[in-house]
Structure formats: structure tokens, C-alpha cells
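Working notes, beginning with the structure itself.
Labels below follow one simple rule: chain letters A, B, ... track the order of the sequence lines, proteins then strands, and each chain is numbered from 1.
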Protein chains: 2
Amino acid sequence: MSKQPQYTIKDIATEMGVSVSTVSRALSDHPHISEETKGRVRELAEKYDYRHNALAASLRNSRSNTIGLILPRLSQYFPSTVATAIQNKLHEYGYNLMICQSNDSPALEKELVNVLYASRVEGLIVSSTLYTSDFSHFDIFAKSKIPLVFYDRFPKNYEAHKVQGDDYTGGYQNTLHLLQQGCRRIAHISGPLTCNIYEDRYNGYLDALKKYEVPLNEGIVFFHELTRENALKTCEVIFSGSSLPDAIFACNDTTAIAVLEYARKHHIRIPQDVMLTGYSNDPRSEITEPAVTSVEQFPYEVGDQAATLMMNLLRHKIKQEDNYVSITTPVELIRRASSGTAETKVVPDDKAVSPGRQIKAVS
Amino acid sequence: MSKQPQYTIKDIATEMGVSVSTVSRALSDHPHISEETKGRVRELAEKYDYRHNALAASLRNSRSNTIGLILPRLSQYFPSTVATAIQNKLHEYGYNLMICQSNDSPALEKELVNVLYASRVEGLIVSSTLYTSDFSHFDIFAKSKIPLVFYDRFPKNYEAHKVQGDDYTGGYQNTLHLLQQGCRRIAHISGPLTCNIYEDRYNGYLDALKKYEVPLNEGIVFFHELTRENALKTCEVIFSGSSLPDAIFACNDTTAIAVLEYARKHHIRIPQDVMLTGYSNDPRSEITEPAVTSVEQFPYEVGDQAATLMMNLLRHKIKQEDNYVSITTPVELIRRASSGTAETKVVPDDKAVSPGRQIKAVS
DNA sequence: CAACAGCATGCAAACGTTTGCATACATAAA
DNA sequence: TTTATGTATGCAAACGTTTGCATGCTGTTG
């Protein structure tokens, strides 16, 4: 672009012999401009292929019409679906989205926050990195009263609006299901507890055990980043022990699938020898043999809610001064062969967003 | 933001009793500004938490530092990985990325082109929809001499810079592999030929058949959008016919996996009864039972190349006036159990980008 | 006929930067 | 002493919009 001269409303104005204000108003369909003038302006704009300069307008209005999105990475099922949902919803409202990946690096996250602020985004949606502990780089948004919405992963001790899947219930139902299937030695492979989602799932796990009066066996609970490699190592530990678990609850599907891989190689039968459940209902989980029981998180719903909340904040339907909004989206256990069940979808009681944690009573 | 007053370089200037130009230059580390002044400016900027306004700078410079990306959808393995690569590479060069999804709708694509133009992006990277036939909405970019790079899906008859996987070779090697495995009745499930990638894969398929002197059997070649549902329907047709194929070459992995699903339900053994190959090497393809032979497209490489090409265009390392650049990235056949082979990765002859179609000689 | 309303338009400032061209001073070379 | 050279800074225009506040006109009402 740079040196390429632009055709501006000023050019239209001089060509027509009117002022720039008139042209500007004509283009935005202002009621005080005569239909005739509007017609001629549109004609000329068409003729010379005039293009609105959003940059100039943004500067003048202090409104960029752009929302920022920062997430750890895009190239996985859950995050990319959330991003899709957010983008689609924002587009409905005439907003653009600027997506940035932090690659799970807190330093990069911080840089991106500043870049997006410099671009004067009107709002920021964030799923923070696994390792962000200092959230002060977000302060500038609060200070400038720019809406800030977190989803999925977010700070535990930082006041902000939040949208989250119901991880507690997900962990609870997942564990309960295994208990109902008769399992009593349920291993748990979790991410680091510093991250809210893993903490919640773990608490669900603990409470389900409690309900069945099964004591916690700390020897079969693991916390580490949930990659395939780590999962395989953990399998070594689990299956070299003296007393084997009768089930494994993995906190993501990558891990569950790695367990499946390990089991196949070592002739451990799933679900006959060990039952298995995952989390997230990644598309991969339903095509393995056996298919993996998992927890659907409705990523599209999460994204939709986050974007809607952002729009409400921008339109002052929710006052910033009010308390911070916390939306919990429902989850749903998808039972599959890996936990010894035929696939059955449980229709949730309530399709709507639950206002908080709702633990379904189990009969 | 809107009414929130901003702290600007003007404020710094008056507070210091110098001119705004001095402050501006100090902040950009201009050599004519004394170290002392620079120091005091930085101090004040720090103290009042001054934030650069990229909007204003962009307007003044006619440089937005932003690149646009339009793609059909984000929520799949290939596109999200490409987007990740593009974003990471651009970030290295100090550029921001604005990602927009067309949801495979030509109308939305057109709108997004205009929106991104209005935001004065400095370049545009595009993978067009399956149905875009009129590409005139991209003309404005050529006319304004703003770099435009297509990747993956692009217009056949529209002059532009392009980055593409080597679909011809992918189709050729895929088919050749099945022929080498002894198959002679190879069904082909392709996307619409209006799209360049499917056309190339189909041509590869045809040429491989020709090499083995196998006549084309049009009764087992199918063209439709490559969804699971369509694939299942096509399976009905294929397997209700009198003479069954001995192999199926599906043009994406979603289709291949659907074939697998159909086969399992109907007790057709893969690879014993029918061999199967897919395309794209989606993460799902390696975890099915049997794992599906597929073609790795190195999406990260594709994104990286597209972003690098864009940077070169922007820095005039490649003159716009030169002929259009066309980069072909290599592909690699990944042999798996679905085509009767243990997994073996063929090390490609040349890791570098091939300048054009390279058909590996087959011994 | 004066006063007013309503309509269509224009003026000019503002948004926050950047930068080419002065200017002012000090020092060095002729 | 004059002229050149360099250093640190300031002036003011420009980027392309939008918008509050006039202004001038036509037609209506009292």
C-alpha cells in the first residue's frame, strides 16, 4: 500500500463540488442529506471504487470495531472450535476479530496483550497459558475500562469476567460413571493443579470417590502436562506397580488415546482389564477401537457465550461496575466402549447455561 | 475505551516542556535526540503508563502492520495448523495477523475481503472457498498493489502468487502404492473437480493407472463434497455393485475414516478384502484400527512458506512486476496397515521445496 | 410581515502519530 | 573572522475520517 494514493471522500467532495462532511454523511446515510445527493455520492463512490478507510475512522471515533483473542494454540479441536464460534458471533455484531496465539508462553502472552492494546481493540478475550501466574499485564485493560473476558483457562485469583465449562461436574460424572461400572481403583491422570480446569476436574473426581466411600489412593494419581509422551511414561509407572487399577480417568483425550496405544502394545484389554475415560470429546475419541468414553464440552457453546458476554459488556447491557460475570456452560458425559458401555447420549436436563455448578442427582 | 481519555505523547511533551516531535523521536530512538532527553521521556512514559496508539501511527504512515488471512474454516487439523504457522512466522517479522473464516461461503468471503481492505491490511493470504468461481472481489488488492498470496485452494484462472501442496504427486504416489500392493480396481472418492487440489490428485491417480496400464473404470470414481455422510452413501453404491473394487483411494481422511466405519459395520475386512488410503494425514488417521495410509501435507511448512512469501513481497525482495510466484511444497506418503503395510516413512529425496511437480521415478 | 421550524449543507476541529524542513547553538576548519 | 559541520530540537502539515455548531434557504404559522 504505502505510497499508493488513495481515493478518499475528499476526492468525491471536490469532484461533486460539495464539502467532505456532506459526502461523509451521505455515505453513512445520514437523514439530513437529500436523497439526490446521496445518490450522486454513491454513484461516484462506485465509479472510482472508493473504499472506506477504517483506520482513519477508528482514530477519529476511538472505536476500532475489533476484538482481540489470545489463546495458547489454535491447532487443536477445542480451541479452534471456540475461536470459530467467537468469530462467527462477533461477525453478527459487525466486529472483527484479531486472533493471536501465545504458544503457551507467558512472555509471548504479555507481548500480545500489549500489541492488542496498541491496536486499540475494544475488548479482549483470553484463554491464558498453562504457566501464567502473574496476570498484571492484563491490568491495563481493567484500568482503561476495556472489557476483558476469560474462558477455559483463567486466573484463579484475578478478578474478571469468565466463561468456563463445568469441569467440576465433568470430573464428577466421569468418575461416577466408572464407579457405577464397578470400578474401585480409579487412576487419575491430570494436568498441573495450578490450572483451574484440572483443579476442578480433580475435585469432581475426589467428591465422586467420597460419595462411594472409596478412599483416595495417591499412588495412582498423576499431575503433569498432558502430552502423549508423558502419558506413555505414566503408563509405565501405573502398569509396573503391584496392584493394577481397574480404571483410568485421563484429563484429556490425547492422554486417553496414548493409554489405549500403550494398552494395545502390552496386551492389556480395554475395557475388560482396565476401563478408560478421557475428556473433551475430541473427534479422535470416537474412532478408536474401542471408542473412548469422554466428556463433551460444547466448545462452540463456550465460544458463543464468551462472544455474547463481550458484546453485552460493550453495549453496557452489563455494567462494568457490577460484579464480575461468571458463566458456566454445561458438559455431557459420552459413554463409549472403553468404559464397557454402548454409546448412549444422556440428554441433559437443561440445555441452557447453568448459572453455576449443578451436580445432577444420581439415582 | 471510547470516552476514556488517553495519555498521549502530547501529554508527555507538555509535562517535559518539549515538542511532540522530540517525544516521538525519543520513543523511536532517533539518533538526533540526546540520551538525556530520551531517558526522561522513557521515565515519564513509564510513570504514566503511556501506550503507543498503533491506529494513529498506521493512519499517518499508511502502514497497518497487519496481514489478513481468509480461510474456509479453522476447526480442522490442516487449516488450523497452517494458520498457526503463518501467525508464528509473521510475528517474527513484527506483523499482526487478522484471521477470518469464510465458512466456505463465497458471499462471506467477498465481504471479508472488503472488511480487510477497509482495515488497510498490508497483505492478504487466502485459501478460498470450495465454491468461489468469481474472484473479482480480489481485484482491489492487485489494483492497489497489495500483496495477495493464495494457498491450498485457489483460483485456476486468476493470476496470483500461490503456495500449494504437491497434490499431483500425492495422488500419484498414493495410487502407485496401491498398484504396487497388487490392486487393480481402485475406486477414487474425490471432491469436486472445480477445485484445484482435487483436480491435481485426480490427475495423479489417472497417470499412475496409466503407468500400470490399468484402464480407468468410471463406475468407481466419485466426485462430491467430502463429508462423512456423503462417504457413507458412496459406500452403499460401491459395495452394492456386482464387481467390488480391491482398493479405495479417498481424497481426505474424513472420507477414509467413514469408509472404515462402513466396512466395519458390513464386515468388510480392511485391508484383506479392500485396501484403503486417505489424504492429509489427519491425526485421526493413525489411531484407527487399522491405521489409515495417508499423504502428509506438512501444513506447518505450507503456512510457513505462505508467510515467508508474503514477507518477501512486502520487502520487495520479489518485485510485484515479476511473474507470479508459485511454490509447491512436498508431500509424503505415510504407509499404514489399511493398505497392507507396516508403517514406514519414506524419506523424501529432497526436503527442500520442489520448484514444481516432481514425480519420483519408480523402480 | 415577522418569527419560526425544518431541511440541506458547510466549516473547522479533532483523533494521535510521524516527518521534512527549518532553526539555533556550538564547535571545528579555513 | 568567516564559513562549514554537526547536534538537538521545534514547527506545522499530513494521514482520512467524523461531528458539533453554524449558516442559508424554503415554507408555514400567527
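Residue A/Tyr7 is classed as having no contact, given no heavy-atom separation below 4.0 Å to the nucleic acid.
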Next item on the list: Run the numbers on B/Phe150 and B/Phe138 for ring pair (Phe, Tyr, Trp, His ring centres under 6.0 Å), then give the verdict.
Entry: CA-CA 11 Å; B/Phe150 285 91; B/Phe138 291 108; 5.2 Å; yes

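Within residues 18-40 of chain A, the residues having any heavy atom closer than 4.0 Å to DNA chain C are, in order of number, A/Val18, A/Ser19, A/Ser21, A/Thr22, A/Arg25, A/Pro31, A/His32, A/Ile33, A/Ser34, A/Thr37.
Between B/Arg120 atom CZ and B/Ser144 atom OG the span is 7.5 Å, to the nearest 0.5 Å. To the nearest 0.5 Å, atom CG of residue B/Leu97 and atom CD1 of residue A/Ile99 are 8.0 Å apart.
When atom types are taken as modelled, the side chain of B/Ser24 and the backbone of B/Val20 share no donor-acceptor pair closer than 3.5 angstrom. B/Asn53 places a side-chain N or O within donor-acceptor distance of the main-chain N or O of B/Leu55, the cut-off being under 3.5 Å. Listed for the A/Glu109 side chain is a donor-acceptor partner under 3.5 Å among the backbone atoms of A/Thr129.
Salt-bridge formation is not detected for the pair B/Lys110/B/Asp134: no Lys NZ or Arg NE/NH1/NH2 atom is positioned less than 4.0 Å from an Asp or Glu carboxylate oxygen.
Heavy-atom minimum distance, A/Pro72 versus A/Ser102: CA-OG, 3.2 Å.
In the 5' to 3' direction, nucleotides of DNA chain C lying under 4.0 Å from heavy atoms of chain A begin and end at C/dA8 to C/dG16.
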